[in-house]
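Here's the structure, in structure tokens; my notes come after.
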Amino acid sequence: QVQLVESGGGLVQPGGSLRLSCTASGSFFSAADLGWYRQALGKEREVVARTASGGRIIYGDSVKGRFTMSRDIAKRTVYLQMNSLKPEDTAVYYCNVVDRGRSYWGQGTQVTVSS
């Protein structure tokens, strides 16, 4: 059992910043893959940031240089710092954990970038 809860979304003006949090409960390995994904209405889910081999973090092309994923192991929380937000970033953001062949998703948090 792995449960993920996202928070930190909301309404922000273009150029502003938000920090999303995803707190995990339940049992999972520390080596599990982690990631943030987003889905806008009428569009496919896309990767925002995810872990890769060697502990690397891969970012989607549209967010490179603006978003940063980090993790606080003690708090069992993964963060997504979002800077220089654009209207195109408007979407529901989901955190994801893949552990021992199983994929777990949070309920999502809405981010709206608008003036």
Side-chain angles (χ1 to χ4, degrees):
Q1 293 182 336
V2 176
Q3 296 85 40
L4 307 174
V5 179
E6 302 98 334
S7 63
L11 176 64
V12 65
Q13 294 182 357
S17 298
L18 284 174
R19 188 177 75 162
L20 306 183
S21 300
C22 176
T23 299
S25 62
S27 179
F28 60 93
F29 288 141
S30 61
D33 292 325
L34 310 172
W36 285 94
Y37 298 78
R38 68 186 184 187
Q39 186 168 19
L41 285 174
K43 295 185 177 181
E44 292 286 302
R45 182 187 65 191
E46 65 176 340
V47 61
V48 176
R50 65 176 179 87
T51 57
S53 61
R56 297 176 297 118
I57 300 175
I58 297 175
Y59 294 92
D61 289 339
S62 64
V63 307
K64 287 180 180 177
R66 299 189 297 121
F67 291 10
T68 303
M69 185 172 74
S70 61
R71 178 183 178 182
D72 187 324
I73 296 176
K75 295 181 179 179
R76 298 171 62 87
T77 300
V78 61
Y79 303 96
L80 183 68
Q81 178 67 46
M82 306 184 295
N83 299 324
S84 302
L85 284 162
K86 305 174 180 179
E88 306 92 88
D89 297 317
T90 296
V92 177
Y93 285 70
Y94 301 90
C95 61
N96 172 253
V97 172
V98 179
D99 181 40
R100 288 166 284 181
R102 291 179 169 81
S103 184
Y104 303 88
W105 296 90
Q107 83 288 345
T109 185
Q110 176 72 46
V111 173
T112 302
V113 184
S114 176
S115 60

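The shortest side-chain heavy-atom distance between Val92 and Tyr37 does not fall under the 4.5 Å cut-off. Side-chain contact between Tyr94 and Leu4: absent, with no pair of heavy atoms (C-beta onward) separated by less than 4.5 Å. Contact of the Val111 side chain with the Met82 side chain is registered, since non-hydrogen atoms from C-beta on lie closer than 4.5 Å. The shortest distance between side-chain heavy atoms of Asn96 and Ser103 falls below 4.5 Å. Contact check for Val12 versus Ser17: no side-chain heavy atoms found under the 4.5 Å cut-off. Looking at heavy atoms from C-beta onward, Lys86 lies out of side-chain contact with Val113 at the 4.5 angstrom threshold.
Side-chain N/O atoms of Ser25 and Gln3 include a donor and acceptor closer than 3.5 Å. Neither side chain, Thr112 nor Thr90, offers a donor N or O lying under 3.5 Å from an acceptor on the other.
Annotation: ring-ring contact (aromatic ring centres under 6.0 Å, His included) contacts of Tyr59 (sequence neighbours excluded): none.
A donor-acceptor contact shorter than 3.5 Å is absent between the side chain of Arg45 and the backbone of Gln39. Looking at Thr68, its side chain never comes within 3.5 Å of a backbone N or O of Gln81 through a donor-acceptor pair. Judged by distance alone, the side chain of Glu6 and the main-chain N or O of Leu20 form no donor-acceptor pair under 3.5 Å. Not one N or O on the side chain of Asp33 forms a donor-acceptor pair closer than 3.5 Å with the backbone of Asp99.
Here the CE atom belonging to Met69 is positioned 10.5 Å from the SG atom belonging to Cys95, to the nearest 0.5 angstrom. Taking CD1 of Ile57 as the start and CZ of Arg50 as the end, the distance is 11.5 Å to the nearest 0.5 Å. Interatomic distance, OG of Ser84 versus CG of Asp89, reported as 9.5 Å (0.5 Å rounding).
Val97 approaches Ala32 most closely through the heavy-atom pair CG1-CB, 3.8 Å. Shortest non-hydrogen contact noted between Asp72 and Tyr79 is CB-CE1, 3.9 Å. Listed here is the closest heavy atom pair of Ala91 and Ala40: CB-N, 3.8 Å. Counting all heavy atoms, side chain and backbone alike, Ile58 lies closest to Ala52 at CD1-CB, 3.5 Å.
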Trace of the side-chain hydrogen bond (donor to acceptor under 3.5 Å, both in side chains) decision for Ser62 with Arg38: CA-CA 12 Å; Ser62 64; Arg38 68 186 184 187; 3.1 Å; yes
